[in-house]
Each structure stands twice: as structure tokens, then as C-alpha cells.
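Please read all numbers here as calculations on a predicted model, not as lab measurements. Both ligands and their constituent atoms are indexed starting at 1 by order of listing.
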Amino acid sequence: MQTEVLIIGSGVAGLMTALKAARFAEVTVLTKKEADNTSTAKAQGGIASVLDAADRFDFHIRDTLNAGDGLCHEDVVGTIIREGPGAIRELVDMGAHFTLAKNGDLDLGREGGHSHRRIVHSQDMTGREVQRVLLERVRASDKIRLLENHTALNLVTLGSAIGNLPENPSQDRCLGCYVHDVESGEIVPVLAGAVVISTGGAGKAYLYTSNPDVASGAGIAMAYRVGADIANMEFIQFHPTCLFHPSAKSFLISEAVRGEGAILRTLDGNAFMESYHPMKDLAPRDIVARAIDTELKKKGDDFVLLDITHKPAREIIDRFPNIYDQCLQYGFDMTKDPLPVVPAAHYLCGGVLTDLEGKTGIPGLYACGETACTGLHGANRLASNSLLESLVMAGRIAASLKKYLDSAVPPPLEAIPPWDPGDSVDSDENVVITHNWDEVRRTMWNYVGIVRSDRRLQRALDRILMLKKEVEEYYWDFKVTRELIELRNLVYVSLLIIRCAMTRKESRGLHYTLDYPGHDEKFRKDTVINRRMYIDKRGIENRE
Ligand SMILES: Cc1cc2nc3c(=O)[nH]c(=O)nc-3n(C[C@H](O)[C@H](O)[C@H](O)COP(=O)(O)OP(=O)(O)OC[C@H]3O[C@@H](n4cnc5c(N)ncnc54)[C@H](O)[C@@H]3O)c2cc1C
């Protein structure tokens, strides 16, 4: 298969980039499952942008820098925020229906950390609307080929094709990707003029997550394997309240429920937030998540309770119709029953390091959306800044792609050889894959979660390195399946999170460690790692 631009992922980042690149190139979009199975489609709150007369770019910039706790790149913050209103207008022109105020202007909501009303939303289902409008456009374009149930397996670069990482990534070049066609089971080499990875976050590395199952950190793991720089993986945002139920794997109970008076309690009824913060249950997100984690570890319980039963039933149902209905489906009437909740991995601030054109250090390889680390979020993401980042960066990446394609000689057809399955056989031990997956997620949850320590991180590192060795063996011994690809990527991404967390010997933003509870100016910088740092002269990845 051959294409000018290969885009991996069909969330806001992938689809918007595809639409922009289709103005000058033939584009192929790959997606692991159905095209609307994305974090994008689950986004509730909205998109932050300066659209109100009383608001100013400077205010949004200041709020973003405050949240980022000293690590945001100010040039990136300024650029993305200033280009935000244009990106929103573009979405509206494409046909996105956002909630309007009585005067016909966009209704602007306000969220934690924002000093002004600036959240463009479509009721509490903004992501679904963004996904709908972009997907309709992509399906209607004759310049875009959308392939569902196609899982990217490995990127191919000049270096990786000869089994060697060049000393400097800028001497390398991205040529395309091996792709697993889930229906036929075949692995197809896709030759591309340029590749954009937009595979979203990595919530599935954790036992509890608000992310959909597709969020297994594929793009970050693939980029790491071909030598790209990866940054700030220690900054994982945990949402304090996800419903605890075996089949409600990723259902969020919005912060607005606490905003309306819900109280967090341990199973014996203690309203514990009183002893953690003067704002009690309305303390900032990371403080609430940390308090719940401490109570769970102290008591050995699986969940805490979110109790709004003291409010009139009618008021609760009118204010939270969607949450009320969903909880009823899982057997909880929130007007009568306190809801079992746990914190859940929600957003990854780090990722593949890019510049303001979305370029990684490897020519021809770009990253967009949650997979990328542009420098916008720093050590903590301001609510509703992520959809904004994808929308703005998509346009900037497309402009850069055009320049790149105009100047680069297209790679020759034989640049990617057919996939060599070697002696691999069908696995008769799928239980090993499920078991290892479970082990990764529990290890990450217990030792690399909301509260960390040197000892916990070392334990996690030892276990994940062992799992990595085992998974690499299956990978070569058994025929590739989507589950195996995902497990392999999760192991890599977990390793990256642990290594970044071990490097940062301070607490900042979303990274909190008992051993270094305060800021340390020495660490007021990005954590940047790459594969070159971990391979020895024989090309073997060592354990350090
Ligand atoms: C419950 C929830 C609520 C949120 N609310 C908000 C909000 O209100 N405002 C806000 O700004 N942000 C919000 N976020 C965050 C925001 O939704 C995401 O950061 C953003 O949508 C990510 O977009 P993306 O395009 O980078 O990735 P995604 O939308 O996750 O898309 C990733 C795509 O990559 C595909 N993929 C993954 N691996 C592979 C592979 N190996 N091969 C092929 N395809 C692959 C997936 O199938 C998917 O199509 C929320 C997130 C969640 C989970």
C-alpha cells in the first residue's frame, strides 16, 4: 500500500489533520477499531478559547501557565491560544452544533482553573459532536481513504529498516509503517511520504481509566522504538471520580456533582476531604485524587463513596440526567445510593516531543493530539485545553507537511520489505496475554499512580522490565494479533512513564512523590528520554 500522507488514528487530531492535508495530498487514515471509538468522542466539557468580550488572550495564557506549574513552553502556549478562536470558527463553519446562549452567541461555560467563561460546548457531549462533524467530512472526501480495523504495528525508518538507529534522528527518515489488518490477519507494509501519529493517550496502562480501550499508547511506543524523543511521561492526570463497577470500565462522574454538594466518604461514612483541604470536596482535582488514593491505601478498600443523597431527588435528576440514567443502568440510584467511585487515569500530558509544526526530530514523522508533547500543558493540563491543542496543531502540521512533501524525494517502493513472519505460530496461550496485561495495569496503578516513591518506582521498573522481556519473546514467537500489539505497546509506554518519573526527583504538577514532596528548581525543565540512552554499543537495550 502506498500513500502521500499516512495518519494513524481517527480522533480529533487525526481527522482534522487529514482534512487539512487532503487539500494538497492523497491521505490514508488508519484506525484500530471503528472510526468513532476514540477519547475525542467521550469528551464532555468542551473546548477552551477566548471568545467573550470580557476575556483576553493574556488571561487564558496566564491560567494555562498557572496549571502547568513552571513547565509550559510560553511560545507554544501563546501561539495555540491566539489561534484558538480561528479553529473554533472553522469547526462551526464545517457544521458543528455548539450550545448557544439566548442571544444566539456561543454559550461559554467555565471550568476549574479558568478565570473567565471560555468553554465552547455541545451540552455535555462536546466530543461526540466534534467527532461527528469531522468524520462526516472525512468520509465525504475523495482524497482521504479511511481504513477501520487496521492497527499500526511498527513505524519504519531508514534506520529501523537496516536495524540500526543513526547517531542523530535528523539523519534518519520516516518511510511508513507496518499495519495489521484485523480482518485478514495479514501485516501490510504501507509506504508513505510522511506519517502523522495521532493515536491518543495511554490510559489503558492503568487499572482504572476514563479512556476507551483503544488508548494503549501505540504512537508513543512506536516513536520511541525508532528513536524519537519522548518527554514528560510522568505527568498523568487522574480524574478523581470514575464509577467503580466491573462493566462501567470508564464512566466518569463529573466534577459538577461535587460542585452541587456531593460529599466523598470512606465506606464507614467518614467525610474525609475535611482533613485534606480547606475547600473540602471542592479542592483542586489532583488534591482530591491524592486524598482518595491515600484513604484507599490506608484502609485497603477498593473504592470510596460519592454521596449526594441529601439533595432533593428531583434536583439531582434535572441537573444530571445523563449521569443519573447511566448509573441506574449499573444498578445505582444516585438519589438514594452513594456511588462507589475511584480515581482514574484520564489524560497524558507528555508524549512524543514535537515543535510548533508538529515535527518530531525524525524527518517525515509528525505527532498530533494527546500523543504529542508540544509544551502546551507543562506539568498539568488546564481543563479543555486538549481539544483546542489538536485543532490548532492540525493546521500547523498540514502546512509543514506541504513544505516537506514538496521538498523530499518520495521513498522508493522497495523501501519497506514485506513483513517477515519468521517461524511464528498461532499462540495457544492467550491467557498469558490477558494475564500480563492485567499485571501491567495493576503494577502501574499500585506503584506509579497518584502518589509515588523511589521504592514504588523501582518495584514497578523491575516488574515491567521482566514483562517486557517476556512480551518481546511472544512477539517474535507468535503470530501478531491486536491484543499482542497492544500489550507490547503498553509495556513500552509503562516503561517510559516509570523512567521519566524516576528522573524527576521532585514533586511538580501531576507528579507527586513522597521522597521529594516539594519543588526543586534543578528540575524546572522537561524530562526528555529516547532509546539511544538505553542501548549499549552492541545495540542491546540494557536494564538501567
Ligand atoms: C472521558 C473524557 C472526557 C474528556 N473531556 C475533555 C474535554 O471536555 N475537553 C478537552 O479538551 N479534552 C477532554 N478530554 C481529553 C480529549 O478528549 C483527548 O485528549 C483528545 O480527544 C485526544 O484526541 P486524539 O485525536 O489525540 O486521540 P483520540 O481521540 O483518543 O484518538 C486516537 C485514535 O487512534 C487510534 N489508534 C490508537 N492506536 C492505534 C494503532 N496502533 N493503530 C491505528 N489506530 C490507533 C484509536 O483507535 C483512535 O482512533 C477528555 C477525555 C476523556 C477520556
Side-chain angles (χ1 to χ4, degrees), residues 6-18 28-49 84 109 111 119-122 124-131 134-135 138 146-155 177-182 190 195-204 209-222 237 239 242 249-255 344-349 351-352 367-372 376-377 381-391 393-394 482 485-486 488-490 493:
L6 176 66
I7 295 184
I8 310 173
S10 61
V12 57
L15 296 182
M16 195 52 143
T17 311
T28 301
V29 178
L30 299 179
T31 187
K32 196 153 61 165
K33 293 188 174 169
E34 307 77 32
D36 58 358
N37 189 340
T38 61
S39 284
T40 299
K42 297 185 93 188
Q44 299 174 341
I47 314 169
S49 192
E111 286 182 338
I119 314 297
V120 178
H121 61 107
S122 185
D124 59 353
M125 292 168 284
T126 312
R128 197 192 293 181
E129 180 59 9
V130 172
Q131 183 83 38
L134 296 179
L135 202 48
V138 162
L146 174 65
L147 299 174
E148 297 180 295
N149 292 310
H150 281 70
T151 310
L153 176 75
N154 275 341
L155 291 168
C177 190
Y178 285 111
V179 177
H180 178 242
D181 175 345
V182 178
V190 181
V195 176
V196 182
I197 32 181
S198 43
T199 51
K204 294 301 282 186
T209 176
S210 65
N211 293 185
D213 284 350
V214 291
S216 57
I220 299 167
M222 290 191 296
Q237 192 170 63
H239 194 289
C242 210
K249 279 188 295 190
S250 53
F251 184 64
L252 276 193
I253 308 293
S254 158
E255 273 171 284
H346 185 53
Y347 185 81
L348 175 61
C349 293
V352 184
C368 188
E370 198 168 330
T371 289
L376 173 68
H377 307 303
R381 172 192 70 134
L382 182 65
S384 288
N385 262 358
S386 36
L387 292 174
L388 171 75
E389 180 187 41
S390 294
L391 292 169
M393 287 306 297
R482 182 162 62 199
I485 298 171
E486 287 180 331
R488 182 172 179 241
N489 288 332
L490 275 181
V493 130

Between H377 and E389, do the side chains contain an N or O donor and an N or O acceptor separated by less than 3.5 Å?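 Present: a donor and an acceptor within the cut-off.
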
Roughly how far, to the nearest 0.5 Å, is OG1 of T40 from CZ of R128?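 One finds 13.5 Å between CZ of R128 and OG1 of T40.
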
Is a donor on one side and an acceptor on the other found under 3.5 Å between the side chain of T126 and the backbone of G45?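 Confirmed, T126 side chain pairs with G45 backbone.
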
Do S216 and K32 come close enough that some side-chain heavy atom pair is under 4.5 Å?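 Side chain of S216 against side chain of K32, heavy atoms only: contact under 4.5 Å found.
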
Does N154 reach the side chain of R488, with side-chain heavy atoms less than 4.5 Å apart?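 Yes, their side chains come closer than 4.5 Å.
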
Which pair of heavy atoms, one from A35 and one from Q131, lies closest together, and at what distance?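 Shortest heavy-atom contact: O-NE2, 3.1 Å.
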
Name the residues with a heavy atom less than 4.0 Å from ligand 1?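 Around ligand 1, where the cutoff is 4.0 Å for heavy atoms, the contacting residues are I8, G9, S10, G11, V12, A13, L30, T31, K32, N37, T38, S39, T40, K42, A43, Q44, G45, G46, H150, T151, A152, S198, T199, G200, S210, N211, V214, A218, L252, H346, Y347, G369, E370, R381, S384, N385, S386, L387.
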
